[in-house]
Visitor: 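Let me give you the structure first, and then I'll get to my questions.
In what follows, every heavy atom counts, from backbone to side chain, and hydrogens, waters and symmetry copies are set aside. Residue indices begin at 1 and follow the sequence shown.
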Amino acid sequence: TGGHTTEILRLLSCLSESYSPRHYVLADSDKMSEAKIRSFEQKRAETFSESQFSLDRIPRSREVRQSWISSVVTTLYSILYSLPLTYKRKPDLILCNGPGTCVPVCLSAFLLGLLLIKRTIIVYVESICRVETLSLSGKILYYFSDYFIVQWPELKKKYPKSVYLGRIV
């Protein structure tokens with residue numbers, strides 16, 4: 001909610017306006033991120049007058065401290081909810097950094113690619129706070145992402161598919 005949003009907005013601040021429109025996907029129970037995103041986009045519009053973005057909400061795939069068994073059910077529900085959204089948006093690129101909300105969206109996009117509907121590049125950036133182990137989202141998306149970026153050399157050693165660029169947020 002708070003930390004992941006701050007990290008992704010730092011990454012987005014480095015991207016050119018050619019990455020537009022931007023479609024943000026939030027968990028339906030996330031109350032803080034929308035205000036941060038709107039503030040970021042308002043500042044961005046001062047520099048890039050043609051700036052375009054949208055906000056979409058999906059059911060949260062997993063709550064903090066939710067049991068593993070019940071999180072399978074809620075994640076499947078979130079994937080089913082994400083499929084029509086991903087089909088509608090047909091993103092060229094998904095840039096994500098670890099909140100559980102990114103897993104259903106990425107898996108939906110991956111499925112659309114398998115069905116030859118739309119090929120989406122998935123870029124996963126593991127949170128800077130993950131020094132020695134991957135987050136649960138990272139452990140899942142390591143196998144589905146096109147680019148898997150870590151911010152600590154220890155993770156690069158453990159996960160050879162990953163790309164280490166240093167600390168980028």
Side-chain angles (χ1 to χ4, degrees), residues 1-13 15 18-41 44 51-127 129-130 134-150 159 161-163 169:
T1 299
H4 288 296
T5 302
T6 300
E7 284 186 8
I8 201 75
L9 293 178
R10 282 187 190 153
L11 286 170
L12 289 174
S13 69
L15 296 180
S18 61
Y19 291 92
S20 182
R22 287 166 303 288
H23 304 288
Y24 297 91
V25 180
L26 311 170
D28 55 4
S29 60
D30 183 348
K31 305 301 180 212
M32 293 178 14
S33 295
E34 183 173 349
K36 286 183 178 186
I37 292 165
R38 290 193 183 281
S39 175
F40 170 81
E41 288 292 340
R44 191 171 176 95
S51 188
Q52 297 177 25
F53 76 99
S54 65
L55 292 165
D56 292 299
R57 292 190 175 272
I58 63 170
R60 188 176 291 272
S61 56
R62 183 171 188 270
E63 295 287 347
V64 175
R65 294 183 199 78
Q66 182 179 350
S67 75
W68 295 107
I69 300 288
S70 65
S71 67
V72 170
V73 174
T74 55
T75 300
L76 288 173
Y77 175 68
S78 190
I79 291 169
L80 289 175
Y81 200 92
S82 298
L83 274 168
L85 174 63
T86 309
Y87 180 79
K88 174 184 167 190
R89 297 291 184 199
K90 291 188 177 71
D92 294 318
L93 170 77
I94 293 177
L95 177 63
C96 56
N97 68 328
T101 305
C102 71
V103 173
V105 174
C106 290
L107 293 179
S108 297
F110 185 78
L111 181 59
L112 291 180
L114 288 178
L115 297 173
L116 304 176
I117 295 170
K118 170 65 177 169
R119 169 77 170 100
T120 300
I121 296 170
I122 299 171
V123 179
Y124 181 86
V125 180
E126 185 63 273
S127 176
C129 68
R130 304 306 292 199
L134 297 180
S135 63
L136 179 58
S137 297
K139 288 174 184 174
I140 295 167
L141 294 178
Y142 181 75
Y143 301 100
F144 297 97
S145 61
D146 296 287
Y147 300 96
F148 191 92
I149 300 169
V150 296
Y159 299 94
K161 176 190 167 191
S162 67
V163 176
V169 294

Visitor: Restricting to ring pair (Phe, Tyr, Trp, His ring centres under 6.0 Å), what partner residues turn up for F110, sequence neighbours left out?
Guide: F144
Visitor: When V123 is tested against each of I149, L141, N97 for side-chain contact (heavy atoms from CB on, under 4.5 Å), which residue passes?
Guide: I149
Visitor: Please examine the side chains of T120 and D146, heavy atoms only from C-beta on, and report whether any two atoms are closer than 4.5 Å.
Guide: no
Visitor: For a 4.5 angstrom cut-off between non-hydrogen side-chain atoms, does R119 reach D92?
Guide: no
Visitor: What's the spacing between K36 NZ and I8 CD1 if we round to 0.5 Å?
Guide: 12.5 Å
Visitor: How long is the straight-line distance from OG of S135 back to CD1 of I140, given to the nearest 0.5 Å?
Guide: 8.5 Å
Visitor: Between Y24 and E34, do the side chains contain a donor N or O and an acceptor N or O under 3.5 Å apart?
Guide: no
Visitor: Working to the nearest 0.5 Å, report the span between CG of L112 and CG of L107.
Guide: 11.0 Å
Visitor: For residues C102 and Y124, report the shortest heavy-atom separation together with the two atoms involved.
Guide: SG-CE1, 4.2 Å
Visitor: Set out, in order, the CA-CA distance, both residues' side-chain angles and the distance that settles side-chain contact (heavy atoms from CB on, under 4.5 Å) for K161 and S145, then state yes or no.
Guide: CA-CA 10 Å; K161 176 190 167 191; S145 61; 3.6 Å; yes
Visitor: Considering all heavy atoms of both residues, which atom of P91 and which atom of K118 are nearest to each other, and what is their separation?
Guide: O-CE, 3.3 Å
Visitor: May I have all residue pairs that pass salt bridge (charged side-chain N to carboxylate O under 4.0 Å, His left out) and include part of residues 69-91, sequence neighbours excluded?
Guide: D56-R89
Visitor: Please report the C-alpha distance between V25 and I58 in whole Å, then the side-chain angles of each, then the deciding distance to 0.1 Å, and finally whether the side-chain contact (heavy atoms from CB on, under 4.5 Å) criterion is met.
Guide: CA-CA 7 Å; V25 180; I58 63 170; 3.9 Å; yes
Visitor: Could you tell me which non-hydrogen atom of I94 sits nearest to which non-hydrogen atom of C106, and how far apart they are?
Guide: CG2-SG, 3.9 Å
Visitor: Is it true that atom OH of Y87 has more than 12 heavy atoms of other residues, nucleotides or ligands lying nearer than 6.0 Å?
Guide: no
Visitor: Might you point out which heavy atoms bring P59 and S78 nearest each other, and give the distance in Å?
Guide: O-OG, 2.8 Å
Visitor: Could you pull out all residues at least two apart from Y81 that satisfy ring pair (Phe, Tyr, Trp, His ring centres under 6.0 Å)?
Guide: none
Visitor: Would you say the side-chain atoms of R57 pair up with the backbone N or O of L26, donor to acceptor, closer than 3.5 Å?
Guide: no
Visitor: Could you measure the distance from the OG atom of S108 to the CD1 atom of I79? Nearest 0.5 Å is fine.
Guide: 6.0 Å
Visitor: Could you go through the side-chain contact (heavy atoms from CB on, under 4.5 Å) check for H4 and D30 one step at a time?
Guide: CA-CA 12 Å; H4 288 296; D30 183 348; over 6 Å; no
Visitor: Which heavy-atom pair separates F148 from G138 by the least distance, and what is that distance?
Guide: CE1-O, 3.4 Å
Visitor: Please test L134 against Y159 for side-chain contact (heavy atoms from CB on, under 4.5 Å), starting from the C-alpha separation and ending with a verdict.
Guide: CA-CA 9 Å; L134 297 180; Y159 299 94; 3.4 Å; yes
Visitor: Enter the distance from I122:CD1 to L93:CG here, rounded to the nearest 0.5 Å.
Guide: 9.5 Å
Visitor: Write down the atom of H23, the atom of S54, and the distance for their closest heavy-atom approach.
Guide: ND1-OG, 2.5 Å
Visitor: Other residues, nucleotides and ligands only: do more than 12 of their heavy atoms fall within 6.0 Å of OH on Y142?
Guide: yes
Visitor: Hey, what do you get for CZ (R44) to OG (S20), rounding to the nearest 0.5 Å?
Guide: 7.5 Å
Visitor: Is the shortest heavy-atom distance from the side chain of V125 to the side chain of L95 under 4.5 Å?
Guide: yes
